[in-house]
Amino acid sequence: MHYYTLIALALLFAANPLFSQDSRVLIIGLDGLRSDCLDAADTPALDELIENGVFSPDALNNDITYSGPGWSAMVCGAWSDAHGVTNNDFTGSNYAAYPSFLGRLESINPELNTYSICHWSPINDYIQGDIVDESINAEGDQAVADAATAILEGGDPHAMFLHFDNVDLAGHSNGFSPNVPAYLEAIETVDNHVAEVVSALTNRPNYAQENWLILTSTDHGGIGYGHGGESIDEQIIFFSASGLSVVPQLVVKDTLEIQPPPENCVEPGAAELLFEGNGDAVHITENPLLSLGTEQNFTIEVRIRTEATADVAIVGNKDWDSGFNPGFVFSFEYPNGPAWKVNVGDGENRADVDGAAGISDGQWHTLSCSFDRDGTMRLYTDGIFSAEEDISGIGNLDVGEGWFFGSDIDGGYSYTGAIAEVRFWHGILDDATILDWHCSALNEAHPAWEALQGHWQLTEGAGTNINSTANTELLGTANGTLWQVPESLIVFDYSNTPRIVDVAVTALDHMCVTIDPDWNLAGISWVDGCNSADVFDGDRCFIDARIFPNPGSESFHITGITPGADVEVYHPNGKCIHKTRPGATSGHIAPGSSEPGMYLIRVVDGERHRTLRWIHQD
Ligand SMILES: [Zn+2]
C-alpha cells in the first residue's frame, strides 16, 4: 500500500469515528403505551431494561399526540414544525431536511446494516425512506418480533427500528387506563415480544463487543379511548436507554409545592385540628402552671380559621353562660360578630372589648391579647393593635377546670373551624413583638422566649393527645375533633425530563455520529456518546447530578452539581427535611432521617433544577 493511501485512510478513520468503534442501536417503539400503565402491568423484560438504563417515566411528547407526528418526532429527532407532519395522512412532510436516524446513518456510512420492521406500515412507507437497507411491514406484533429475532440471530445488524402496535389498538378498543385489564394484558403480551428480541440480541456471539444501545419509548399516551389532544395523559411517555455502556439513572419530573400565602402563617403540609361544633374541644388538664390569679400579667395568642361569627368559646377557662363568670374567653361580639372579642370576669365584674371584624373569611388569622392586670387588655388582629379595655377592676381569673379550646368548660358555645398555635406567655408582649412574631414559628430568638408557659401547636396529626412544647407537662386531650392534612397545591415541572425527539439524537450520539448544528435537531442525548457536552446539555438546561450509593442508608454523595447550588431533601411525606449548599461540584449529604423510604432530592441552581430519587433502605 502506498504511503499516501495510508495517510488518507488514517484521516478517514479519524474523521469518521464510525469506523473506530463498533456501536449498535436498537429502538423498540411501543405504540400508545401509557407510562403509568407500564408501571401497573407485569413487564419483566421492560423492567430489566429500565433498571439497567437511563429511565424516565416522565418523558414527554408535548407536541401532536397522533401517531404520524409522534413517530416522525421520535425517528427524526425534530418536532412537527420541522418535520412537517401534523396528522396520519403525512401531508406536509419534510423528511428531506429531517430524515430518519436510519437515513442519517446510511448517508454517513452506507456500510451499516439498517432495518426497520413495523406493524404500522406508514412508518416505513413515509418516514424511513428508501435508504434503509431493509424495511419490513409486518402482519402483526408477533411477526415484528419474529423478523427482528431472525435478523439478530442470523444477520449483522447495526441499527434497527421496531414498531409494535397492539398496545395502542387495545387502548382504542378498551380504554387507555391502568384500570383496564385488557389494556394491561396487551402491555404484558408486548413485553413477551420485547423479551424475545432482547434475548436474541444479548445471545449474539459478539454481544459483549458490539456495544448495543437499546432505546425503548412510545409515540404518545392516551386518555379515554383515544389520543391526539394536549392532556398530560396523552403527552406523558416513557423513555428508556439501556446497554452495557449506559450508567443507570432515573429521571423524574420536578415536584413543586406551591406555598400558601405568607399571611396564612401556617407551615405547608402541617396537620390541622378541625372543630365541627357539638362540643368538639381540646381540654388542657388543670395545672398550677395555668394559674392567672389576681395579678399575673399574661399574653395569649391563637390562630383560627373559621367562616362563622357565632357567640362561641375559642380559647378560655370559664363558663361562658355569663361574662361575669370568672375567667377569660376569646369569642365573637354578641350575638354573632362580626368582630372577635375578649371577655374577662371575676364573678362580680366583667370587661369586654372587640377586636377587628372580617376575620371569618375562611383564612387563617392570628388573635393576640395581652392582659396588664392593673392596666388594660390589648387586642391585636394579625399582629395589628385593634382595641384595649381597662381590666384593673377585675380580680381572680382562676376557675380550676383547666383550659378549653373550641368550647367553654361545660362543653357549650362550640366553635366551628380550625385552631392552631395557642401560645400562653407570662408578661406583656409589646406591639412590635406581637407584630413580628404573629406569623412566625417560635424559637429562642423571640424576646420573651423564657416567658413562654404553654405552646400548643395542634399539629400532632393523629390521636387525641395534645402536647405543649413549653412546660411539656401541660398536656391536653382532644374530644370529637378531626385531624386533617391540608391539600397543598402540587405542580409538576417536566423541564428536565426527556422528550420524544431525544430518542433519535441519543441513538445518533451512541453511534458516534457528530451532530451538526445545521441539522437543527431538537433532541439531546441521554447517553455518553461521542458528542461533546453541547448535545448533552442542549437548551434543556440539564443538571447532570448523580447520587450514590443508591439505594443507601443514612447519607449519600451527590456529584455533578454547580458550586453554590442548593440541595434539598424531601422526606417521603413531602416535607423538606434538609437543605444545604455544598459549595463544590459534589457533596456528602446526611439528611438526618433514619426512616427508610423514597426521598426526593431536589437540586436548584438558579433557574435550573432537577429532582432525583434516593432510596433509603434499612
Ligand atoms: Zn400511536
Side-chain angles (χ1 to χ4, degrees), residues 27-38 41 43 46 57 59-80 83-93 95 100-101 116-128 135-145 161-178 180 182-187 189-191 193-194 215-240 498-504 523:
I27 297 181
I28 303 174
L30 306 170
D31 206 302
L33 203 171
R34 264 176 68 140
S35 185
D36 58 340
C37 299
L38 174 61
T43 54
L46 286 163
L60 290 183
N61 170 9
N62 52 341
D63 193 13
I64 302 169
T65 58
Y66 287 114
S67 297
W71 291 115
S72 299
M74 186 191 294
V75 166
C76 305
W79 295 113
S80 63
H83 63 61
V85 176
T86 56
N87 54 46
N88 288 352
D89 297 332
F90 292 85
T91 49
S93 67
Y95 297 124
S100 150
F101 78 102
S116 177
I117 307 165
C118 299
H119 183 172
W120 194 53
S121 58
I123 296 175
N124 279 333
D125 299 348
Y126 293 104
I127 308 175
Q128 301 291 25
S135 297
I136 301 169
N137 288 330
E139 299 285 330
D141 282 3
Q142 184 64 59
V144 173
F161 175 85
L162 310 183
H163 169 267
F164 293 92
D165 207 20
N166 282 355
V167 172
D168 188 63
L169 298 174
H172 286 295
S173 300
N174 307 286
F176 293 84
S177 163
V180 172
Y183 182 62
L184 298 185
E185 277 169 32
I187 295 171
T189 301
V190 86
D191 186 68
H193 298 317
V194 171
L215 288 156
T216 316
S217 189
T218 183
D219 55 335
H220 49 71
I223 188 167
Y225 293 85
H227 53 86
E230 294 180 355
S231 73
I232 197 70
D233 284 339
E234 291 159 286
Q235 292 190 345
I236 292 178
I237 61 173
F238 65 94
F239 173 96
S240 165
R499 296 292 181 270
I500 192 168
V501 291
D502 296 348
V503 175

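Remember, it's 1-based here, ligands and their atoms both numbered in the order they're listed. Nothing fancy with the numbering, it's 1 onward along the sequence.
The salt bridge (Lys or Arg N to Asp or Glu O under 4.0 Å) search around Asp233 returns Arg34, not counting sequence neighbours. Qualifying salt bridge (Lys or Arg N to Asp or Glu O under 4.0 Å) partners for Asp89, counting only residues two or more places apart in sequence or in other chains: none. Every residue meeting the side chain to side chain contact (heavy atoms under 4.5 Å, CB included) condition with Ser217, not counting sequence neighbours, appears here in chain and number order: Met74, Ile237, Val503.
Residues His163 and Trp120 meet the side-chain proximity criterion, which asks for heavy atoms closer than 4.5 Å.
Around the Zn ion (ligand 1), protein N, O or S atoms at less than 2.8 Å number 4.
Here the CD atom belonging to Glu230 is positioned 9.0 Å from the CG atom belonging to Asp63, to the nearest 0.5 angstrom. Taking NE2 of His193 as the reference point, atom NE2 of His119 lies at 10.0 Å (rounded to 0.5 Å).
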